[in-house]
Colleague: 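Quick one: the structure is below, questions incoming.
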Amino acid sequence: HCLEVSLADGTDRATALVRAGEGKRMMDATRQLLTDMTAEEQALLGEREQVSTARARRSVLVNLAFGSFSISLLAFVFFLLLRENHARQHSERRFRALFNQTFQFVGLLAPDGTLLEANDTALEFVHARRDDVVGRPFWETPWWNFSPAAQERIRKAVGKAAQGEFVRFESEIPRPDGSIATFDVS
């Protein structure tokens, strides 16, 4: 009130009110107002802290739930990968057992004629290691390098087979000791 008087009526009028005892009452009112404002501010800060704590708890719960879900999902994906890997290994072992337990010479070619795999029987015939022949054009492998004509014949046969045509012919292939073996090539 004194401040309002001072602003409206000047300092002389405010000074007169203070001298009349009005100043103490105004100071007490100001102190009470500050006390009330402090209490209200503390209440607002408390509410804000409660809201913040509740949000933090929800965030932690969401993160825990999402983290648990993520871990569960990762575990499931890992299980599927392990199962697939086991199935692939089992299939590979069966393939190897069948592929290498035959007395026939067996090779697997890509459509462009690159040798992808050869069985042990075929490798033993030319005294070659798998690494020596896999990845090379089939006509450049030891089974065919004894003659340019034989290489050309097998190259053409591979080209026809790659186009879906059935190819079959007999070929005489020399062994490393010089003896000749006759093969049914298809």
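All heavy atoms count here, side chains included; hydrogens, waters and symmetry mates do not.
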Colleague: Please list all pairs passing the salt bridge (Lys or Arg N to Asp or Glu O under 4.0 Å) test where one or both residues lie in residues 43-52, with sequence neighbours left out.
Modeller: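 Not a single pair qualifies under salt bridge (Lys or Arg N to Asp or Glu O under 4.0 Å).
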Colleague: Among the clusters formed by ILVMFWY side chains lying less than 4.5 Å apart, do W139 and L109 turn up in the same one?
Modeller: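 Hydrophobic grouping puts W139 with L109.
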Colleague: If hydrophobic clusters are built from ILVMFWY residues whose side chains come within less than 4.5 Å, do L108 and V185 share one?
Modeller: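 No, L108 and V185 fall in different hydrophobic clusters.
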Colleague: Going by ring-ring contact (aromatic ring centres under 6.0 Å, His included), name the pairs with one or both residues in residues 110-131, residues two or more places apart or in two chains.
Modeller: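 Sorted result for residues 110-131: F105-F125, F125-F183.
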Colleague: Run the side chain to side chain donor-acceptor pair (under 3.5 Å) test against D112 and tell me which residues pass, sequence neighbours left out.
Modeller: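 In terms of side chain to side chain donor-acceptor pair (under 3.5 Å), with neighbours along the sequence ignored, D112 is linked to T114.
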Colleague: Which residues satisfy the salt bridge (Lys or Arg N to Asp or Glu O under 4.0 Å) test with R155, sequence neighbours excluded?
Modeller: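 By the salt bridge (Lys or Arg N to Asp or Glu O under 4.0 Å) rule, R155 matches E152.
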Colleague: Taking side chain to side chain donor-acceptor pair (under 3.5 Å) as the definition, give me every residue that meets it alongside R129, ordered by chain and number, with sequence neighbours left out.
Modeller: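 D132.
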Colleague: State, with a plain yes or no, whether a side-chain heavy atom of N145 is found less than 4.5 Å away from one of Q151.
Modeller: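 The answer is yes; the side chains approach within 4.5 Å.
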Colleague: Listed by chain and number, what are the side-chain contact (heavy atoms from CB on, under 4.5 Å) partners of Q50, not counting sequence neighbours?
Modeller: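 With sequence neighbours excluded, Q50 shows a side-chain contact (heavy atoms from CB on, under 4.5 Å) to no residue whatsoever.
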Colleague: How many angstroms lie between atom CD1 of I173 and atom CD1 of I154, to the nearest 0.5 angstrom?
Modeller: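 Interatomic distance, I173 CD1 to I154 CD1, rounded to 0.5 Å: 8.0 Å.
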Colleague: Give a yes or no on whether E40 atom CD has more than 12 heavy-atom contacts from other residues, nucleotides or ligands under 6.0 Å away.
Modeller: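 Count not over threshold, so no.
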Colleague: Considering residues at least two apart in sequence or located in another chain, which fulfil the side chain to side chain donor-acceptor pair (under 3.5 Å) criterion with E84?
Modeller: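 For E84 the side chain to side chain donor-acceptor pair (under 3.5 Å) partners, ignoring immediate neighbours, are R88.
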Colleague: Return the set of residues passing side chain to side chain donor-acceptor pair (under 3.5 Å) with S179 (not counting sequence neighbours), or none when no residue passes.
Modeller: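 By the side chain to side chain donor-acceptor pair (under 3.5 Å) rule, S179 matches R175, D177.
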Colleague: Can you name the residues that form a side-chain contact (heavy atoms from CB on, under 4.5 Å) with V133, not counting sequence neighbours?
Modeller: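 side-chain contact (heavy atoms from CB on, under 4.5 Å) check on V133 returns L115, L123, A128, T141, P142, W143.
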Colleague: Just list the side-chain donor-acceptor pairs under 3.5 Å for residues 159-172, sequence neighbours left out, or say none.
Modeller:
{"residue": "R168", "atom": "NE", "partner": "D184", "partner atom": "OD1", "Å": "3.0"}
{"residue": "R168", "atom": "NE", "partner": "D184", "partner atom": "OD2", "Å": "3.1"}
{"residue": "R168", "atom": "NH2", "partner": "D184", "partner atom": "OD2", "Å": "2.7"}

Colleague: Mind checking side-chain contact (heavy atoms from CB on, under 4.5 Å) for L81 and listing every partner two or more places apart, or none if nothing turns up?
Modeller: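 Scan of L81 (side-chain contact (heavy atoms from CB on, under 4.5 Å), adjacent residues dropped) gives V77.
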Colleague: Would you compute the distance between atom CG of N119 and atom CD of E124 and round it to the nearest 0.5 angstrom?
Modeller: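 Going from the CG atom of N119 to the CD atom of E124 covers 8.5 Å.
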Colleague: How close do G113 and V158 get, heavy atom to heavy atom, and via which atoms?
Modeller: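 Closest approach of G113 to V158: CA-CG1, 3.5 Å.
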